[in-house]
Amino acid sequence: MKNPDSAVVIPPERKTGSHPSKLKQIGSRRTTIVMNGNQNKRKNVHSEAGPAPKKSKGSTAGKWKTPQQKTKMVSRIEMGNSLDVGDEGIWVTYARGMNTRAFKEFKELCDEYGEVMYGIAKPSGDDDKALDEGDEELDIEASIQKELAAMNAPRQKSGKKSVFTPINVSIECVFFMKTTRPVEPDVLVRRICEDAKNCPDPRQRKCRYINRLTPVFDTAKTTERGIERVARNVLAPYFELVPASDGDTGEAASAGTVATQVNNIAGQPFTYAIRHNIRNHTVFKSDAIIKKIAGLVDTKHKVNLSNPDKVILVEIFQVRISLVNLLLDMIVAKPGHLDMKYNLYNLGDFANSAGMDQLFCSMSVVEGGEWEDYKRYNMNSLYGMIPQQKSGASKAEGGKGIVATSKE
């Protein structure tokens, strides 16, 4: 067996322009070319320290940030966990591939209108800025100790709950902006659309990535009872409803059936039209949903698809629920399953049996004429209207007719 440290004779080096005493790296050993008269010898030399260590890329531990990273951190938006029963808010559609920009744009827009309409102060990043300035004054060791202390400290929840919370529902080009009182989703959408319609120059538009807005008064699970519950709750202030059947109990049966205003200006009962939208869902068919909702309205209210007094907006989506929220629901709903929390296989089986996708039905009622006048709350159509359309003019000076076309 050859000795690995023995010298090996190599043939004379050709004239390639390289010097034979140049160091070369072969595997994990360092070899050097030794000149001995006219004979070149290659000798293996072991390093006392062993193989050369890999160069560490290092870590800033979150202390040093480039201006681009700081800007990205500031623009990061706190997202909500998931959609839930009883949520109010706005369904928002946006341009494909622009989810992050759309979230940020509409969140800032809602904060702006919340301050103007309801006196809700905008969230500020002063605390984060002060924290970054304090970190700059610390050395590396002090910064590490500070971060370790922050990690070990108990997490404190913010005392202020955000009024506007965007929720990613894992549907392409759609997200939900959850709102809380005193914000009224229909009033907020109406004000945003009014300003978009009155915008004199499309270059001054406030929304570049947002397409359509749909206000939501109430949300429920998409089941027979869930659809009836949310329908009775939303329709009661505008229509007289048929009495609940004897088999219906709970909130669906106890929902108020006495409407506060059921007649239009002419004194006639409100006419209505149902406009539904189904996304990522094939369980409930359109005809079944329309018949279900229309069957709850008293026959004195007639259907008018061309010029209704009220438009009932129905949105049915299949949304993705996070595993964490699903497990929390399991613990609350089925305390007997607490012994499963240490068995990952059982938890996975329960999550699969319960289903990660949940069906939700949301509903609202808006003015029919207003809905059409605001292009069915389509922001792109409102910003793209020509001045004659925005002013409502049907004829220009000089008697030339102008036909106002609906741009969806």
Verify side-chain contact (heavy atoms from CB on, under 4.5 Å) between M177 and K107, making sure each step is shown before the conclusion. CA-CA 8 Å; M177 179 63 74; K107 178 65 166 61; 4.3 Å; yes
R279/E315 under salt bridge (Lys or Arg N to Asp or Glu O under 4.0 Å): CA gap, chis, key distance, verdict: CA-CA 8 Å; R279 289 178 183 265; E315 301 284 336; 5.2 Å; no
Hey, is the main chain of [Y] close enough, under 3.5 Å, to the side chain of [X] for a donor-acceptor pair?
{"X": "T165", "Y": "K178", "value": "no"}
{"X": "H301", "Y": "F270", "value": "yes"}
{"X": "E105", "Y": "R208", "value": "yes"}
{"X": "R232", "Y": "I227", "value": "no"}
{"X": "T179", "Y": "P185", "value": "no"}
{"X": "Y118", "Y": "E184", "value": "yes"}
{"X": "D373", "Y": "G369", "value": "no"}

Are I167 and V319 side-chain neighbours, meaning at least one heavy-atom pair lies under 4.5 Å? no
For side-chain contact (heavy atoms from CB on, under 4.5 Å), just list the numbers for F360 and V169, CA-CA rounded to whole Å, side-chain angles, deciding distance to a tenth of an Å, and then say yes or no. CA-CA 11 Å; F360 283 94; V169 293; over 6 Å; no
Quick one: do D111 and K122 satisfy salt bridge (Lys or Arg N to Asp or Glu O under 4.0 Å)? Show the steps, please. CA-CA 6 Å; D111 290 336; K122 294 182 180 180; over 6 Å; no
Quick one: do K206 and E112 satisfy salt bridge (Lys or Arg N to Asp or Glu O under 4.0 Å)? Show the steps, please. CA-CA 11 Å; K206 296 181 179 180; E112 177 183 345; 3.2 Å; yes
Using side chain to side chain donor-acceptor pair (under 3.5 Å), reason through R205 and N380 one step at a time and then give a plain yes or no. CA-CA 9 Å; R205 59 189 298 171; N380 284 329; 2.7 Å; yes
Starting from the C-alpha separation in whole Å, work towards a yes-or-no answer on side-chain contact (heavy atoms from CB on, under 4.5 Å) for I171 and F317. CA-CA 9 Å; I171 302 176; F317 293 154; 3.8 Å; yes
Scan I90, L188, L109, T180 and name whichever one has a side-chain contact (heavy atoms from CB on, under 4.5 Å) with F164. L188
Just wondering, are more than 12 heavy atoms of other shown residues or ligands nearer than 6.0 Å to CZ in R275? yes
What is the distance from atom [atom1] of [X] to atom [atom2] of [Y], rounded to the nearest 0.5 Å?
{"X": "M363", "Y": "H276", "atom1": "CE", "atom2": "NE2", "value": "12.0 Å"}
{"X": "I274", "Y": "K291", "atom1": "CD1", "atom2": "NZ", "value": "12.0 Å"}
{"X": "T214", "Y": "W371", "atom1": "OG1", "atom2": "CH2", "value": "8.5 Å"}

Kindly assign one of parallel, tilted or perpendicular to the pair Y238 and F217, based on the angle between their ring planes and the thresholds 30° and 60°. parallel
Might you work through the side chain to side chain donor-acceptor pair (under 3.5 Å) test for Y383 and Q204, ending with a clear yes or no? CA-CA 9 Å; Y383 280 118; Q204 300 178 3; over 6 Å; no
Report the C-alpha separation of N304 and D309 in whole Å, then their side-chain angles, then the decisive distance to 0.1 Å, and conclude whether the side-chain contact (heavy atoms from CB on, under 4.5 Å) test is met. CA-CA 8 Å; N304 187 343; D309 295 322; over 6 Å; no
